Amino acid sequence: METKKVWFVTGASKGLGFELVKKLLSNGYKVAATSRRVTSLTDAFGEVSENFLPLSMNITDNNDVQSVLAKTVEHFGNVDVIVNNAGYGQLGTLEELSDAEARANFDVNVFGTLNVIRNAMPYLREQKSGNIFNISSVGGYYGGFPGWGVYCSTKFAVAGFTEALAEEAKDFGIHATVVYPAYFRTDFLTKDSVKTPENSIEAYEAARNSEKSHLDEINGNQPNDPVKAADVLIQISKEENPPVHLLLGVGAPEFLNNKIEAITKDAKDWESLTLSTAI
């Protein structure tokens with residue numbers, strides 16, 4: 001009989017996090033779910049129970065994250081699977097976005113995820129087992145989207161430190177996986193979930209067109225089902241040797257191929273200069 005693992009899911013009030021918590025609870029797993037407002041969790045999934053612990057958490061506050069993870073272990077006795085799903089999209093060209101806007105996106109998407117990892121690792125190391133899923137994006141390996149530079153750079157960072165984490169954690173029996181979702185039919189692209197630049201520069205026509213297409217055309221027409229994505233994460237958590245890199249959804253391989261082709265072309269075209277620096 002399968003031993004049901006204890007899951008800790010951030011950003012659980014909407015999108016992939018919401019569907020994952022719903023699926024986990026329906027399958028008898030124990031789940032600690034976090035959101036900025038605990039009522040968004042209790043309204044959706046119910047009050048505290050033997051299998052469910054809804055928690056309010058400010059992911060940008062390391063002390064708060066530490067406290068919430070301690071409450072999780074106190075409630076369930078341990079924690080097995082960490083899903084770093086909390087984050088948001090920030091539109092705007094690099095010139096348009098203020099220092100405050102860019103830093104705020106990094107605070108949540110990058111440093112918030114690091115807060116969770118930093119405070120979860122002691123529990124996982126002690127038990128010498130566990131899985132960490134860090135939710136990146138196809139924009140975490142292909143950044144050629146005008147107006148998405150800061151957001152993509154946060155997701156590149158998530159991918160980079162997950163690769164390092166996978167090496168650091170493997171000696172303790174802990175697996176780290178960076179997940180690259182393509183377009184999933186969630187509320188990620190709604191005006192309530194993605195931020196636009198406070199001071200836009202209309203000269204950036206390509207960025208404005210990208211912004212409009214994402215908010216008005218792609219939103220609601222994404223080709224992938226977040227319920228099926230939840231199934232994939234649950235399956236991966238059961239694997240003896242899970243991948244470090246997990247492409248998720250229709251479209252994800254195409255973006256990867258575009259990136260590989262672009263890098264390969266530049267490498268070949270400029271190989272003579274690349275090698276000209278030899279002593």
Side-chain angles (χ1 to χ4, degrees), residues 2 4-35 40-41 44-45 52 59 80-89 108-109 112-113 116-117 130-142 145 148 151-152 154-156 158-159 162 165-166 175-190 192-194 214 218-239 241-257 259:
E2 177 193 357
K4 297 293 187 180
K5 296 179 178 179
V6 177
W7 289 63
F8 181 90
V9 183
T10 71
S13 64
K14 59 177 67 174
L16 174 58
F18 178 89
E19 297 298 344
L20 177 58
V21 170
K22 184 178 178 181
K23 177 71 70 168
L24 288 167
L25 291 173
S26 69
N27 282 279
Y29 289 92
K30 299 179 187 297
V31 183
T34 79
S35 180
S40 65
L41 300 171
F45 304 113
F52 180 57
I59 199 169
D80 299 298
V81 184
I82 307 295
V83 181
N84 282 303
N85 176 67
Y88 70 92
V108 173
N109 294 7
T113 298
V116 175
I117 293 168
N131 293 81
I132 298 176
F133 292 102
N134 294 328
I135 308 301
S136 179
S137 163
V138 291
Y141 59 75
Y142 181 80
F145 305 97
W148 288 92
Y151 172 75
C152 285
T154 68
K155 295 305 186 178
F156 266 72
V158 169
T162 304
L165 177 63
H175 303 287
T177 298
V178 55
V179 183
Y180 302 100
Y183 289 111
F184 277 80
R185 198 165 298 182
T186 68
D187 53 6
F188 175 75
L189 291 176
T190 62
D192 292 333
S193 296
V194 66
H214 277 85
I218 297 175
N219 182 38
N221 294 303
Q222 297 97 322
N224 292 295
D225 183 352
V227 177
K228 293 179 179 178
D231 288 331
V232 172
L233 294 185
I234 294 170
Q235 179 60 43
I236 292 294
S237 74
K238 301 175 184 178
E239 296 293 330
N241 295 299
V244 175
H245 302 274
L246 177 63
L247 303 187
L248 196 57
V250 173
E254 284 77 7
F255 284 114
L256 177 63
N257 291 337
K259 178 62 177 279

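Values in this document were obtained by computation on a predicted structure and should not be read as measured data.
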Trainee: What's the shortest heavy-atom distance between Ala159 and Gly140, and which atoms?
Mentor: CB-O, 4.0 Å
Trainee: For the residue pair Thr154 / Asn109, report whether a side-chain donor-acceptor contact shorter than 3.5 Å exists.
Mentor: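 Side-chain D/A pair, Asn109 to Thr154: present.
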Trainee: Mind checking the OG1-CG spacing from Thr113 to Leu165? Nearest 0.5 Å is all I need.
Mentor: 11.5 Å
Trainee: Output yes when a side-chain donor or acceptor of Asp225 lies under 3.5 Å from a complementary backbone atom of Val227, and no otherwise.
Mentor: yes
Trainee: Report the C-alpha separation of Leu247 and Phe255 in whole Å, then their side-chain angles, then the decisive distance to 0.1 Å, and conclude whether the side-chain contact (heavy atoms from CB on, under 4.5 Å) test is met.
Mentor: CA-CA 10 Å; Leu247 303 187; Phe255 284 114; over 6 Å; no
Trainee: Please report the C-alpha distance between Ile117 and Asn134 in whole Å, then the side-chain angles of each, then the deciding distance to 0.1 Å, and finally whether the side-chain contact (heavy atoms from CB on, under 4.5 Å) criterion is met.
Mentor: CA-CA 9 Å; Ile117 293 168; Asn134 294 328; 3.7 Å; yes
Trainee: Can you tell if the side chain of Val21 reaches within under 4.5 Å of the side chain of Trp7, non-hydrogen atoms only?
Mentor: no
Trainee: Could you go step by step and tell me if Trp148 and Val194 meet the side-chain contact (heavy atoms from CB on, under 4.5 Å) rule?
Mentor: CA-CA 11 Å; Trp148 288 92; Val194 66; 4.0 Å; yes
Trainee: Testing Leu41, Val81, Leu24 one by one against Val31 for a side chain to side chain contact (heavy atoms under 4.5 Å, CB included), which residue passes?
Mentor: Leu24
Trainee: Please round to the nearest 0.5 Å and tell me the distance separating atom CD1 of Ile132 and atom CD1 of Ile82.
Mentor: 6.5 Å
Trainee: Do you know the tightest heavy-atom contact between Pro242 and Asn131?
Mentor: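 What the structure gives for the nearest pair is CG-ND2, 4.0 Å.
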Trainee: If you compare all heavy atoms of Phe52 against all heavy atoms of Ala33, which two are closest, and at what distance to 0.1 Å?
Mentor: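 Minimum heavy-atom contact is CE1-CB, 3.8 Å.
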Trainee: Calculate, to the nearest 0.5 Å, the distance between atoms NZ and CD belonging to Lys228 and Glu19 respectively.
Mentor: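 Between atom NZ of Lys228 and atom CD of Glu19 there are 12.5 Å.
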Trainee: Checking side-chain contact (heavy atoms from CB on, under 4.5 Å) for the pair Leu233/Leu246: CA distance, chi angles, key distance, verdict?
Mentor: CA-CA 9 Å; Leu233 294 185; Leu246 177 63; 4.2 Å; yes
Trainee: What about the rings of Tyr180 and Tyr142, do their centers lie closer together than 6.0 Å?
Mentor: no
Trainee: Heavy atoms only: give me the nearest Tyr141-Lys259 pair and the separation to one decimal.
Mentor: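 For Tyr141 and Lys259, the tightest heavy-atom pair comes out as O-NZ, 2.7 Å.
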Trainee: Ignoring hydrogens and angles, tell me if any N or O in the side chain of Lys5 forms a donor-acceptor pair with the backbone of Ser237 under 3.5 Å.
Mentor: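 Such a contact is found between Lys5 side chain and Ser237 backbone.
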Trainee: Short question: side chain of Thr10, backbone of Ala86 - any donor-acceptor pair under 3.5 Å?
Mentor: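 Present.
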Trainee: Counting only N and O atoms by type, is there a donor-acceptor contact under 3.5 Å from the side chain of Asn85 to the main-chain atoms of Gly11?
Mentor: yes
Trainee: Between the side chain of Lys155 and the main-chain N/O of Ile135, is any donor-acceptor distance below 3.5 Å?
Mentor: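 Answer holds: yes.
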Trainee: What's the shortest heavy-atom distance between Leu248 and Ala229, and which atoms?
Mentor: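 So the minimum-distance heavy-atom pair works out to CD2-CB, 3.8 Å.
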Trainee: Rounded to the nearest 0.5 Å, what's the gap from CG on Asn241 to CD1 on Ile236? Could you check?
Mentor: 11.0 Å
Trainee: To the nearest 0.5 Å, tell me how far Ser40 OG sits from Phe18 CZ.
Mentor: 9.5 Å
Trainee: Can any side-chain N or O of Thr177 pair as donor or acceptor with the backbone N or O of Pro243 at less than 3.5 Å?
Mentor: yes
Trainee: Minimum heavy-atom separation for Ser136 and Val158, please, with both atom names.
Mentor: CB-CG1, 4.2 Å
Trainee: For the atom pair OG1 (Thr162) and CZ (Phe133), what is the distance rounded to the nearest 0.5 Å?
Mentor: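 Answer rounded to 0.5 Å: 11.5 Å.
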